[in-house]
Amino acid sequence: MDFERFKVHGEPLIYGAMISIALATIGIIIGLTYFKKWGYLWREWLTTVDHKRIGVMYILAALLMLFRGGVDAMMMRLQTAAPEMKFLDAQHYNEVFTTHGLIMILFMAMPFIIGLMNVIVPLQIGARDVAFPRLNAVSFWLFFFGAMLLNISFVIGGSPDAGWSAYFPLASLEFSPTVGNNYYSLALQISGIGTLLTGVNFIVTILKMRAPGMKLMKMPMFIWSALLTNVIIVFAFPVLTVALALMMFDRLFGSQFFTMSNGGMDMLWANLFWVWGHPEVYIVILPAFGIYSEIIATFSKKNLYGYTSMVFSMVIISLLSFLVWAHHFYTMGQGAMVNGFFSITTMAIAVPTGVKIFNWLFTLRKGRITFTTPMLYTLAFIPIFTIGGVTGVMLAMASADYQYHNTMFLVAHFHYVLIPGAVFAVIAGFHYWFPKVFGFRLNDRLGRHAFWWIAISFNVTFFPLFLLGLMGMTRRTYTYSAETGFGPLNSLSFVGAVGLCIGFVILVYNIYWSTRYMPKDTNGDPWDGRTLEWATNSPIPAYNFAIVPKVQTRDAFWTSKVDNIPLFEEKITKIHMPSNTGKPFIMGVIFFIFGFSMVFSLWIPAILAAVGIVIVMATMSFDRDHGFYISAEEVIATEKKLRGETV
Amino acid sequence: MMKQLFPIRHVMGYLASLVLSAAALTVLYADLSDSANIVILLITALIQASLQLFLFMHIGENTETKKELYLNLAYALFVGLVTIFGTLFIFVWGWYA
Amino acid sequence: MKIDASKPLEYSTEENSNKIFGFWVFLGAEIALFATLFTVYLVMVNRFASGPSGPEIFEIGPVLYETFLLLSSSFTIGLAVHAMRHGYKKAMMVFIGITLLMGLAFAGIEVMEFLTYIHEGATLQTSGFLSSLFVLLGTHGAHVSFGLLWGGAILIQLWRQGINPATANKTFIFSLYWHFLDIVWIFIFSFVYLKGLM
């Protein structure tokens, strides 16, 4: 075998990364062995089917990926901070911006959001778990090992380097001969299958497992956003599955889908990628709308203004999201009729989005507002996202887009949409729901410090990019000469990026500080919340609710507090729980081996791994484990303990 | 026994699908225009698909989820048709020439 | 486990009826998947470059056999579910067995068809048209092959456990899958073969 293929010949930076990965791995292994935590890790986490623990693992993985993608971002900003920088070479810069995009969208924003959905959705609808707990674990491990597969690419074989959109012919074997884009096609495929299964799971959970009395139009707004997001996932991800499979066929088996000879059509890749890619944007944005709706209502002490119009605007957005994809390639060569059509549909999305913005503003109006950390992120989101949206309408105009296309203006636009629209939202949601999961709040003063650093630095980082784009700086250029005049604004942007780093360091420090010093919260409702997740204890017991709640109104928990409507009327009985299983984890490992073998065209291990996957599926099918029961006495004891009473 | 094992609705549905497949073959042997042929193929295929959905797959039998199943199907068809015809619109009918 | 006796066995527990609903949602995703493959095929259909075009390689004979086999197997799996609802375990297993045999024959003919194409110099690597043809047919064929393994596993479980809520549920879901593959085939038959040959 030719071992040269596995090596990455690079710079000290990559060798440094290799050594630090090796040291961290050894450190983790020694640590787990020294503290005898292997059994704990396996029993409590790797084999868990509990939606809350799976959610926490999603969020941990997302934070890890936020760090990785953030380091990539810093490297890019440093490389472009001054003209003719020599920090990264062109190839390394290509790899860095490619992985930055992939990781931030697919392995940071999506898992963070899916993690929050995992923790919160069953609680908000008053259910004991998701519809298919074991499938949920399969989803997580496929996502996780897909993410790991992409992450090892930069130390084994080389990272993908053709942009996160991997346009052909650049991503073809001819122009990207390293294994980088093989990693792309397989890692995304594996985690994409996991995401698709999540979509199915949550649609069934939301449509079929709501507490009695919770009609569709009584669901909390976050549940609506989660439902529509999962609908988009289910119907958009198959397109990605096909596109990635065709890419793999082209690169590994010499098929002619996206080639430039023998009838291939490179532009078809761009088309398929964005048929999935645009709905993907809404997959990360819609849940954010849901999170903000919850936070605004809670901290304004009012019910959400215009509930029905909120729901309908999201339904319309979910449909329109499938009708706009060609606006990503106005300049590709299709006729004016096509561009005109997609221009109009794109601008039309601004209408339902505007409806939502006004509904939030009206909810705030005359509310008794408390400025907690999650609320600050929400309030900052509204103006910043509006700038992103308005520049989006500018880009939507096909004829004007010929000027903006592939410039830093576009880069600034989508960061102005995605950072307030997704990152602020998950941070806000993280602060908001943190006490529910861990039983204590994050410190508000440190939280506010982090917020101001992040919000201000964000604008310092990205606003200059609008101007740079209008000056003509194209995206993905690794360097420029001093005569272009791009230097000062890029330096300013780098200063902002450093500020963002400081903000995130404070955020992480806050988690550490709060874990040590924040007081325990015993009533389960630290924010005076409105929805059902606050009606149970914090931290949440394994069975979620000792008694299944009966819902009569929207904001069920709020009305139960204000109007004294009892939520829990029945007696505590024994509760059925699913058993833990290690099979999803094992399946993830085998998928990883399969993906890795395919990347390097190692056919025999690939076939063996494929057989292994089928065998694990078969053993899951033959499994006759029907779970177990928690007795009523045990439930009563747990409830008392969580409320701080003596048993 | 035989009557219970071979319910008349299923047998009729099966025969209908065979007949419809045979009918679709007319596009090979009758000398019709291209658009007439496409219409024949569309009609025979859609009827057959509906036979499977309603008769064999019992899509409407569970009243609890009937509405959701139809919505799911409608959404899937929406996305599928938009993908097919949108792509053809971009690359074939609306291509700059 | 609560069993609701008013419903057919395969829907009888909450978990069972959730599984059926979830599988329908998954079939929605499958519709999007095959629609995308059809998209690729329809864009590629005339891009055969120096290789053969559709009419030059398609033969109606084997396609008719395949169609007949798949339609009939869809009929027999429907009969299997019907027999299951009447509690006829043996008849049910026989119908599933016939279904799987016909599926196997279908897969065999498809493999022969692929070998013929390759023998004629029409391979995956020849042209955009042939790449899209092989992947569209191959994805459907792979689904059928996976169905053979799945159906086989269900037969073993039926043989061991008889008809109970779990096996009834699995059989019903498998029947949905099989009917769905038949629907996909109808569209392949009409818009790949017949449209190519007309």
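This one's a predicted model, so the numbers in the text were calculated from it and none came from an experiment. Values reported hereafter were calculated over all heavy atoms of this structure, with side chains retained and with hydrogens, waters and symmetry mates removed. In the text below, chain A, chain B and the rest are named by the order of the sequence lines, each starting its count at 1.
Here the closest heavy-atom approach between residue F132(A) and residue N18(C) is recorded as CZ-O, 3.3 Å. Nearest approach of A49(C) to G263(A), heavy atoms of both residues: CB-N, 3.8 Å. P238(A) and A29(C) get closest at one heavy-atom pair: CG-O, 3.3 Å.
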Report task. List the steps and the verdict of side chain to side chain contact (heavy atoms under 4.5 Å, CB included) for N262(A) and F48(C). Result -> CA-CA 7 Å; N262(A) 297 321; F48(C) 42 83; over 6 Å; no
Requested in this report: Under the side chain to side chain contact (heavy atoms under 4.5 Å, CB included) rule, what do K19(C) and V204(A) come out as? Steps first, then yes or no, please.
Outcome: CA-CA 8 Å; K19(C) 278 183 179 165; V204(A) 180; over 6 Å; no
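Looking at L240(A), there are no atoms closer than 4.5 Å to chain C (heavy atoms on both sides), in backbone or side chain. For T241(A), the part lying near chain C is the side chain, with the backbone staying farther off; criterion is any non-hydrogen pair under 4.5 Å. Neither the backbone nor the side chain of I233(A) comes within less than 4.5 Å of any heavy atom in chain C. For chain A, the nearby part of K170(C) is the side chain; its heavy atoms alone come within less than 4.5 Å. Looking at Q161(C), only its side chain comes within 4.5 Å of chain A, counting heavy atoms on both sides. Only the side chain of L149(C) comes within contact range of chain A, judged by heavy atoms closer than 4.5 Å. Contact of L272(A) with chain C is made through the side chain alone, with heavy-atom distances under 4.5 Å. Contacts between V614(A) and chain C at a heavy-atom distance below 4.5 Å involve the side chain alone, from C-beta outward. Looking at F34(C), neither its backbone nor its side chain comes within 4.5 Å of chain A, counting heavy atoms on both sides. Neither the backbone nor the side chain of T139(C) comes within contact range of chain A; no heavy atom of the residue lies under 4.5 Å from a heavy atom of that chain.
A distance of 11.0 Å separates OG in S255(A) from CG in L130(C), rounded to the nearest 0.5 Å. The CG atom of L246(A) sits 9.5 Å away from the OG1 atom of T36(C) when rounded to the nearest 0.5 Å.
Contacts with chain A were tallied for A153(C), G28(C), S131(C); S131(C) has the most, counting heavy-atom pairs under 4.5 Å. Options L33(C), N46(C), V135(C) differ in how many heavy-atom pairs under 4.5 Å they form with chain A, and the most are formed by L33(C). If you tally non-hydrogen atom pairs under 4.5 Å between each of F257(A), F235(A), F253(A) and chain C, the highest count goes to F257(A).
Under the 3.5 Å distance criterion, with hydrogens and angles disregarded, no donor-acceptor pair is assigned to the side chains of S132(C) and Q256(A).
More than 12 non-hydrogen atoms from other residues, nucleotides or ligands lie less than 6.0 angstrom from CH2 of W603(A). Annotation: K195(C), atom NZ; neighbour count of heavy atoms from other residues, nucleotides and ligands within 6.0 Å does not exceed 12.
Remark: K208(A) engages no residue in a salt bridge (charged side-chain N to carboxylate O under 4.0 Å, His left out) (not counting sequence neighbours). With sequence neighbours excluded, the residues that form a side chain to side chain donor-acceptor pair (under 3.5 Å) with R134(A) are D623(A).
When side chains are defined from C-beta on, F249(A) does not count as touching Q125(C), because their heavy atoms never get closer than 4.5 Å.
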